[in-house]
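Only heavy atoms go into these numbers, but all of them, side chains included; no hydrogens, no water, no symmetry mates.
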Amino acid sequence: MKIIVLAKHAADPESEIHLKDEKTLDERGLVFDINDWDRYAIEEAIRIKENIGGEVVVVGVGKSDDTLRKCLAMGADRAIKIPIDEGMDPFVTASAIKEVVEAEGFDLIIAGLMSQDYNNALVGTLLAGMLNVPYATAVTSLKIENGKVRVTRELEGGYQEEAVLSTPCLITVQSGINEPRYVSIMGIKRARSKELKEVSVSAPEGVYEVERMYYPPVKKAEIITGSPDEIADKLIQILKERGLL
């Protein structure tokens, strides 16, 4: 089975964020690493390969060298880097990946449910639509059975759904589907001899435009003092003034 994994080199959401201007982030204060959901995706792909054989190819867009090498060290067979500036546009990202995966061929594409920086949860589903393949999102477990992919996916309200997808297909995985392995010293050494290929594609015009970036307004807290009865009365008055009671 040939499995393609999408891996993003994403900013840590707990990094201190600064703006260059109203449309541009200042990346100097950001800490980048493999997107958290994508760690589960690469781990799941490697486990499938270990169980039934095949090849794992990891694909990254933009400045993704460090993340791709980490995936190779985890156990991916080779990596493909698409050197375009996709910005925040998931359509551009999915379109660029489509060119590469169509040329590669695949049985299964695994992506993380969303990215830890923008939380769009769009690239996987957009790519499935562009490739016209069946897909399932928020997958919490999967099995390969007779050339098909049986998945359990997370729904709202704590419910789960089971589905069977014919291959080729695409899934996005939820965190917790597995326990991603640590990158070992031997894995890092082996990764040095694995292929990391750069592929140029013709990215389309973006459909997503940033109008303005800004910090959320800072609101001062109001400290209510007094006896319990006085505090309760003041709270009731505030709620009434705001139309909440």
Given side chains that start at C-beta, do those of V58 and V56 come closer than 4.5 Å, heavy atoms only? no

Is it the case that one hydrophobic cluster holds both L196 and I80, taking links as side-chain heavy atoms less than 4.5 Å apart, direct or via other members? no

Under a 4.0 Å threshold between the charged nitrogen and the carboxylate oxygen, would R78 count as salt-bridged to E104? yes

Give me the atom names and distance for the closest heavy-atom approach of K234 to T225. NZ-O, 3.1 Å

Hphob cluster co-occupancy, V201 + L131, side-chain heavy atoms under 4.5 angstrom: yes

Please step through side chain to side chain contact (heavy atoms under 4.5 Å, CB included) for the pair V151 and S141, ending with a clear verdict. CA-CA 6 Å; V151 302; S141 70; over 6 Å; no

Go through the side-chain N and O atoms of T152 and T140 and say whether any donor and acceptor fall under 3.5 Å apart. no

Side-chain ion pair, K194 and D77, N-O less than 4.0 Å: no

Atom CD of E14: over 12 foreign heavy atoms under 6.0 Å: no

When rounded to the nearest 0.5 angstrom, what is the spacing between CD1 in I4 and NZ in K2? 6.0 Å

I'd like to know if M186 and M74 are part of one continuous hydrophobic network [Ile/Leu/Val/Met/Phe/Trp/Tyr, side-chain heavy atoms within less than 4.5 Å]. no

Could you tell me which non-hydrogen atom of N120 sits nearest to which non-hydrogen atom of S115, and how far apart they are? N-OG, 4.5 Å

Run the salt bridge (Lys or Arg N to Asp or Glu O under 4.0 Å) test on R69 and D66 for me, step by step, so that the C-alpha distance in whole Å, both residues' side-chain angles and the decisive distance to 0.1 Å come before the verdict. CA-CA 5 Å; R69 294 197 184 280; D66 290 345; 6.0 Å; no

Evaluate the side chain to side chain contact (heavy atoms under 4.5 Å, CB included) criterion for residues I48 and M1: first the C-alpha distance (whole Å), next the side-chain angles of each, then the deciding distance (0.1 Å), finally the verdict. CA-CA 9 Å; I48 294 171; M1 173 170 276; 4.2 Å; yes

Return the CG to NZ distance between D38 and K70, rounded to the nearest 0.5 Å. 12.0 Å

Can you tell me how far apart CD (E22) and CD (E211) are? Round to the nearest 0.5 Å. 11.0 Å

Can you tell if the side chain of Y215 reaches within under 4.5 Å of the side chain of H18, non-hydrogen atoms only? yes

Is the shortest side-chain heavy-atom distance between I236 and L245 below 4.5 Å? yes

Between H9 and S64, does a side-chain hydrogen bond (donor to acceptor under 3.5 Å, both in side chains) hold up when you go through it step by step? CA-CA 5 Å; H9 194 58; S64 55; over 6 Å; no

Could you tell me whether E16 atom CD has more than 12 heavy atoms of other residues or ligands within 6.0 Å of it? no

From I42 atom CD1 to L6 atom CG, the distance as rounded to the nearest 0.5 Å: 10.0 Å

With heavy-atom distances below 4.5 Å as the criterion, would you say the side chains of I46 and R181 are in contact? yes

Strictly distance-based, threshold 3.5 Å: is any side-chain N or O of N35 a donor or acceptor partner for the main-chain N or O of Q116? yes

Roughly how far, to the nearest 0.5 Å, is the CE atom of M213 from the CG atom of D21? 8.5 Å

Do the side chain of E44 and the main chain of A41 share a donor and acceptor less than 3.5 angstrom apart? no

Can you confirm whether more than 12 heavy atoms, excluding those of F106, are under 6.0 Å from its CZ atom? yes

So L25 and L19, side chain to side chain contact (heavy atoms under 4.5 Å, CB included) or not? Walk me through it. CA-CA 5 Å; L25 281 173; L19 299 178; 3.5 Å; yes

Can you tell if the side chain of I238 reaches within under 4.5 Å of the side chain of E222, non-hydrogen atoms only? yes

Considering residues, nucleotides and ligands other than L244, do more than 12 of their heavy atoms fall under 6.0 Å from its CG? yes

Keeping the roles fixed (side chain from K98, backbone from T93), state whether a donor-acceptor pair exists under 3.5 Å. no

Correct closest heavy-atom pair for L68 and G60 would be CD2-N, 3.6 Å

Quick one: do L170 and V100 end up in the same hydrophobic cluster if we chain Ile, Leu, Val, Met, Phe, Trp and Tyr together by side-chain heavy atoms under 4.5 Å apart? yes

Is the backbone N or O of G147 less than 3.5 Å from a side-chain atom of T167, with the two atoms forming a donor-acceptor pair by type? yes

In Å and rounded to the nearest 0.5 Å, what is the CZ to CD1 distance from R47 to I177? 9.0 Å

Just wondering, more than 12 heavy atoms not from R242 lying within 6.0 Å of its CZ? no

For T24 and K20, indicate whether the former's side chain and the latter's backbone hold a donor-acceptor pair under 3.5 Å. no

Measure the shortest side-chain to side-chain distance between I109 and L127 over non-hydrogen atoms and say whether it is less than 4.5 angstrom. yes

Set out, in order, the CA-CA distance, both residues' side-chain angles and the distance that settles side-chain hydrogen bond (donor to acceptor under 3.5 Å, both in side chains) for E43 and N178, then state yes or no. CA-CA 7 Å; E43 175 64 30; N178 53 48; 5.6 Å; no

Can you name the nearest heavy-atom pair linking G226 to I231, along with the distance? O-CD1, 3.4 Å

Do L155 and Q160 touch side chain to side chain, with heavy atoms closer than 4.5 Å? no

Given the rule in the side-chain hydrogen bond (donor to acceptor under 3.5 Å, both in side chains) test, do T172 and T137 qualify, once you have shown the distances and angles that lead to the verdict? CA-CA 5 Å; T172 68; T137 58; 4.8 Å; no

Of all heavy-atom pairs linking G187 and S184, the shortest is N-OG, 2.9 Å

Compare every heavy atom of A79 with every heavy atom of L72, then report the nearest pair and how far apart it is. CD2-N, 3.9 Å

Given side chains that start at C-beta, do those of E55 and I3 come closer than 4.5 Å, heavy atoms only? no

